[in-house]
Amino acid sequence: MKILDVIKTALFTKRCALCGEVVEVDETFCEDCKNPPVITGEICKSCGCAIDDCSCKKNKNEYKQIISPFYYEDSVVKAINSYKEREMLFIADYLSKEMCTAISKYYSDINFDLITFVPLGELKHRTRGFNQSQLLAEKIGTQICVKTEEVIYKSRHTGTLHKNKSNVKRAAIVFGAYDVYEECKNEIVGKTILLIDDVKTTGSTLNECAKMLKIYGAKEVYALTASITKKKVK
């Protein structure tokens, strides 16, 4: 068996399913990713954090609820960066699987008519070559047997939404920056929609996208992200 392992290692490079770092042939995760920052237990429907970690003000969102399998911390930050910036697209397999687990746990009683995703701007899409949220949405749609469709587009450039911007500033930046494709407007009327993104920081982008879906007649919009930024308590 040892000889076989050596041959396998020589022929195949095994990578961590979460962050993409090289691991031993018989390992699924690297040491840093064996205990990712998982969100467990009862969660706040407004911010998606576990109740014990929630520090939000329960502001009314355009989406009805937000859920996620992970906090945007430690190994998950590395994973998201590897996925988006290093083009390790296989990481979407693990993330989407965990996102589907979150669906079965928190959204099991909801019948989704459609899955859509937060779009990238044209320049960002062209530079990166893919939309990380779209890939996650498509994989989730396949796993839960719900149609995935590109419904929303970015109507103007917003620049990078850095973490140090306040909720109010981020909301102002994305205001009016998204719209629904003309040919999709009739299709979303009366539909219950699952909106996908990779990271939820303040929720401003998700809110703006959900708002546009509801303006054009969506019945309800639920949000699902691969990770959520936990608000630090001062």
Taking atom SG of C209 and atom CD1 of I196, what is their separation to the nearest 0.5 Å?
12.0 Å
Other residues, nucleotides, ligands: >12 heavy atoms within 6.0 Å of K219 NZ
no
Verify, without hydrogens or angle tests, whether D198 (side chain) and S133 (backbone) share a donor-acceptor contact under 3.5 angstrom.
no
Ignoring hydrogens and geometry, is there a side-chain-to-backbone donor-acceptor pair from K14 to E27 under 3.5 Å?
yes
Decide, yes or no, whether a salt bridge links K147 with E187 under the criterion of side-chain N to carboxylate O below 4.0 Å.
yes
Rounded to the nearest 0.5 Å, the CD atom of E182 sits from the CG atom of N186 at a distance of 8.0 Å
Under 3.5 Å: donor-acceptor pair, side chain of K200, backbone of L206
no
Using a 4.5 Å cut-off on heavy atoms from C-beta on, say whether the side chain of T101 contacts that of P69.
no
Rounded to the nearest 0.5 angstrom, the NZ-CD1 distance for K105 and I67 is 10.0 Å
I need the Y178 OH to K211 NZ distance, nearest 0.5 Å.
11.5 Å
Any chance you could lay out the side-chain hydrogen bond (donor to acceptor under 3.5 Å, both in side chains) test for Y71 and D53, step after step, and finish with the verdict?
CA-CA 11 Å; Y71 285 121; D53 298 322; 2.6 Å; yes
Between R128 and the options E122, E85, E87, the salt bridge (Lys or Arg N to Asp or Glu O under 4.0 Å) test singles out E85
From CA spacing to verdict: side-chain contact (heavy atoms from CB on, under 4.5 Å), T229, V199
CA-CA 7 Å; T229 299; V199 182; 4.0 Å; yes
For the residue pair I228 and T225, what are the closest heavy atoms and their distance?
CG1-OG1, 3.6 Å
Let's go through I103 and L194 carefully: what are the C-alpha distance in whole Å and the side-chain angles of both, what is the deciding distance for side-chain contact (heavy atoms from CB on, under 4.5 Å) to 0.1 Å, and is it a yes or a no?
CA-CA 10 Å; I103 290 173; L194 181 61; 3.9 Å; yes
When rounded to the nearest 0.5 angstrom, what distance separates CD1 in I80 from OG in S227?
4.5 Å
What's the separation between atom CG in L135 and atom CD1 in I91, rounded to the nearest 0.5 Å?
11.0 Å
Mind listing the closest non-hydrogen atom pair of I140 and M99 along with its distance?
CD1-CE, 3.7 Å
Minimum heavy-atom separation for L120 to K154, with atom names?
O-CB, 4.1 Å
Tell me whether Y153 shares a hydrophobic cluster with L213, the cluster being built from Ile, Leu, Val, Met, Phe, Trp, Tyr side chains joined at under 4.5 Å.
no
Between L136 and Y83, is any pair of side-chain heavy atoms under 4.5 Å apart?
yes
Looking at side-chain heavy atoms only, is the closest gap between T116 and L195 below 4.5 Å?
yes
Side-chain heavy atoms under 4.5 angstrom apart, residues restricted to Ile, Leu, Val, Met, Phe, Trp, Tyr: same cluster for Y181 and I152?
no
Is there a path of hydrophobic side-chain contacts, each under 4.5 Å between heavy atoms, that joins V25 and V22?
no
Identify the two heavy atoms, one from K139 and one from S96, that lie closest to each other, and give their separation to 0.1 Å.
CB-OG, 3.7 Å
With side-chain contact (heavy atoms from CB on, under 4.5 Å) as the test, would you mind laying out the steps for V221 and E62 before giving the verdict?
CA-CA 8 Å; V221 180; E62 296 292 342; over 6 Å; no
Mind checking what makes salt bridge (Lys or Arg N to Asp or Glu O under 4.0 Å) contact with D197, not counting sequence neighbours?
none
State, to 0.1 Å, how close E98 and F70 come at their nearest heavy-atom pair, and which atoms those are.
CG-CZ, 3.8 Å
Is the shortest side-chain heavy-atom distance between Y72 and T201 below 4.5 Å?
no
Are D32 and C19 packed together at the side-chain level, in the sense that at least one heavy-atom pair is separated by less than 4.5 angstrom?
no
Joint cluster assignment, I144 & Y94, ILVMFWY side-chain distance < 4.5 Å
yes
Taking all atoms of both residues into account, what is the closest heavy-atom pair of T148 and A137, and its distance?
OG1-O, 3.2 Å
Please say yes or no: joined through hydrophobic side-chain contacts below 4.5 Å, possibly via intermediate residues, are M88 and F29 part of one cluster?
yes
Could you tabulate the donor-acceptor pairs under 3.5 Å formed by side-chain atoms of residues 34-47, not counting sequence neighbours?
{"from": "K34", "atom 1": "NZ", "to": "E31", "atom 2": "OE2", "distance (Å)": "2.8"}
{"from": "S46", "atom 1": "OG", "to": "N59", "atom 2": "O", "distance (Å)": "3.4"}
{"from": "S46", "atom 1": "OG", "to": "N61", "atom 2": "ND2", "distance (Å)": "3.4"}

Would you indicate whether the side-chain heavy atoms of V151 and Y216 approach each other to under 4.5 Å?
no
Report the residue from Y63, Y107, Y106 that forms a ring-ring contact (aromatic ring centres under 6.0 Å, His included) with Y222.
Y107
